[in-house]
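All heavy atoms count here, side chains included; hydrogens, waters and symmetry mates do not. In each ligand, atom 1 is the first atom listed, and ligand 1 is the first ligand listed.
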Amino acid sequence: MPEQHYMHFFSLEKRGRAVVRELKVIRSVNVMQLRNQNVEQLASRDFDVLVIGGGINGAVSAAALAAKGANVALIEQRDFAGFTSQESSNLAWGGIKYLETFEFGLVRQLCQSRNRLMRHYPSTVREIRFLTTIPKGFRHHPLVLWLGAWVYWLMGKGFTQTPHYLSAQQLQREEALLNTDLSRGGLEYSDAYLEDNDARFAFQFVRAAMDHGCFAANYVQALDMRRDNGHWRVQARDAVSGHTFAIRARLLINATGPFVDDLNRQSGQRTEHQHVFSKGIHLIVNRLTSNRRVLAFFANDGRLFFAIPMGSRTCIGTTDTRVGTPFVAVTDDDRQFVLDTINQRLRLDTPLTRQDIIAERCGVRPLAVMQEAADNSGDFLKLSRQHMVEADRQQAVLSIFGGKLTDCLNVGDEVCVEVQAMGIRLPRPRQRWYGEADASVKEAFLQQARDIDLDRYTPASASEPLSARLWRRYGAVAMHLVEAIRAEPKQAEIVMGAYMHCELQQAAEREMIVKLEDFLRRRTTLALEMRREDLKQDAGLMDTCTLLFGAEAQSKYDEYFHARDGVTHS
Ligand SMILES: Cc1cc2nc3c(=O)[nH]c(=O)nc-3n(C[C@H](O)[C@H](O)[C@H](O)COP(=O)(O)OP(=O)(O)OC[C@H]3O[C@@H](n4cnc5c(N)ncnc54)[C@H](O)[C@@H]3O)c2cc1C
């Protein structure tokens, strides 16, 4: 960091902490207000639809239905996107690898879903180039892969840059870090990447649903479901207060991801599909290269393996192992497999070891199979990643099986069609329910940002101007932030990471942050970018807690560090 910038940054940080202390008392007023209000409404209203599960599939279901005028509730037993939807590779991709299993329909559908996301979320879902190394002795001739890349491009209707074949020498020139001794050449092609992270992407649908009148609450678990006189009565438990209460709805959407089968068993629901699970892990290390491309390889078992840029870090993975439970953890073997794979494929000055791991991600892909095929699903790696929205019209239940984050807009659309077919009226059936605000709103925001020269507050370490980051994270609501800074420039002072005072204040009001982990791991990626010891030492963390939790700052801080130390509070 140049010295002048460093001094500016440092003084902003220091002054930021002073302001936080001044505003401590005011903050404690609004904390948890949104959640408390919503929980109250969940217990007192009758809903058209109750969505159970706040991962990406539940979030898009709620966002689509609420925008079209349904009276919707959403409950999530953890934090929103607190399970599978926080463990993905952060890619919106057409699934080039499924060409090998001849799933042309799925690839075309995913490519088009990817394009739709890129078109409607231009600042969040961005094209990224993949630089793929083709190993010597690979099961397909490079020409076949090159043709495959063109077929892939055509299936994506030419929406991205064209693919290129590269010789081993060209590949080496493009990325000096690649170990091309093992390579017959390479391919460059495009897919897309979620600029922030998967969990924040899912959360913005929950936020959009709430903006359209949905009552959503995290840390509320569906315990028991009974159908009575054409209505569902769901017994729910608020994990924050410990209270149980009933939610009444005409129709249930079971969007519990890997738990769909459990919930259906509980409610006596029979389905044609069920899930099998595939575990995948990622390791996060310091940035390996300044190349903004995804480096793609074939692991020794032939599966695709990535090194994905993630700000000042690189995310490496993934694995694909059949497991019998959704509750999985990274094992020593997993870590070693990922480290060995990347060390063999890159020429690093010092090979990566476990000490280089900053954070880990681990989850299961819920894969949809027909009930009768579950025990005998043949080659597990060839199971389809296609989602299924299965409707039981008599019981008024929709179950969402399998799928990919990339396909989320299709899931939202399909859910609306099924809900209507089940007799729920959608007063605004043609209302578009997804996408960033119009260009005119963006221009108004940018004009407002230019008026106060907002980008001068961009921290020197940031990779993009502040106005770009604010628009991507908050859309039209970023205008409130600019207004807050105009009224009181101290609001632009950094509290932690890149996050300003006014952002944290807004997060406390609009983002239903119940635990510190919700903020560090899902609303932001701080817990993935910083080692736990560094987070603990960060001078801004306690001020962040104060802004987010008011009087409960210390207990939320303790909960985060102690719970993860294995020490439980009584
Ligand atoms: C390693 C890995 C990499 C992946 N990479 C990609 C990728 O790059 N691109 C892509 O498009 N897809 C990817 N995926 C797939 C994608 O992440 C999943 O398809 C998607 O996140 C599933 O979302 P979901 O909403 O169905 O499930 P979840 O996100 O698991 O959501 C279900 C939610 O239901 C909640 N719940 C369960 N029971 C209850 C209850 N009783 N009451 C209330 N709430 C309940 C859970 O807490 C959970 O949060 C990847 C998956 C993995 C594991």
Worksheet item: Does a salt bridge link Arg35 with Asp238, judged by any charged N lying under 4.0 Å from a carboxylate O?
Response: yes

Worksheet entry | Under 4.0 Å to a heavy atom of Trp93 - the qualifying atoms of ligand 1, by number | 7 (C), 8 (O), 9 (N)

Worksheet item: Is it true that the side chains of Arg129 and Ser190 contain a donor and an acceptor less than 3.5 Å apart?
Response: yes

Worksheet, complete the sentence: Candidates Asp407, Leu110, Leu405; heavy atom nearest atom 10 (C) of ligand 1 found on Leu405

Worksheet item: Do Arg200 and Asp198 sit within salt-bridge range, that is, some charged N less than 4.0 Å from a carboxylate O?
Response: no

Worksheet entry | Distance-only N or O hit between ligand 1 and Val220, under 3.5 Å | no

Worksheet item: For Ala67, does its backbone N or O pair with a side-chain atom of Arg432 as donor and acceptor, under 3.5 Å?
Response: no

Worksheet item: Which is closest to atom 29 (O) of ligand 1 by heavy-atom distance: Ser85, Gly280, Gly54?
Response: Ser85

Practice prompt. For ligand 1, find out whether one of its N or O atoms is nearer than 3.5 Å to an N or O atom of Thr84.
Written response: yes

Discussion item. Suppose we measure from atom 31 (O) of ligand 1 to each protein heavy atom; which comes out shortest, and what is that distance?
Written reply: Gly55 CA, 3.3 Å

Item to complete: Ignoring hydrogens, just give me the one of Val60, Ile52, Ile75, Asn57 whose non-hydrogen atom is nearest atom 24 (P) of ligand 1.
Response: Asn57

Response to the item:
Taking only non-hydrogen atoms of Gly53 and a 4.0 Å limit, the atoms of ligand 1 in range are 33 (C), 34 (O), 35 (C), 44 (N)

Worksheet item: Would you say the side chains of Asp407 and Asn410 form a donor-acceptor pair under 3.5 Å?
Response: yes

Discussion item. With nothing but distance in play, are any N or O atoms of Glu76 less than 3.5 Å from an N or O of ligand 1?
Written reply: yes

Fill in: Option set Thr256, Val234, Leu367, criterion heavy-atom distance to atom 38 (N) of ligand 1, minimum
Thr256

Worksheet item: Ala81 near ligand 1, heavy-atom distance under 4.0 Å?
Response: no

Worksheet entry | Polar proximity ligand 1 side, Thr318 side, N/O cut 3.5 Å exclusive | no

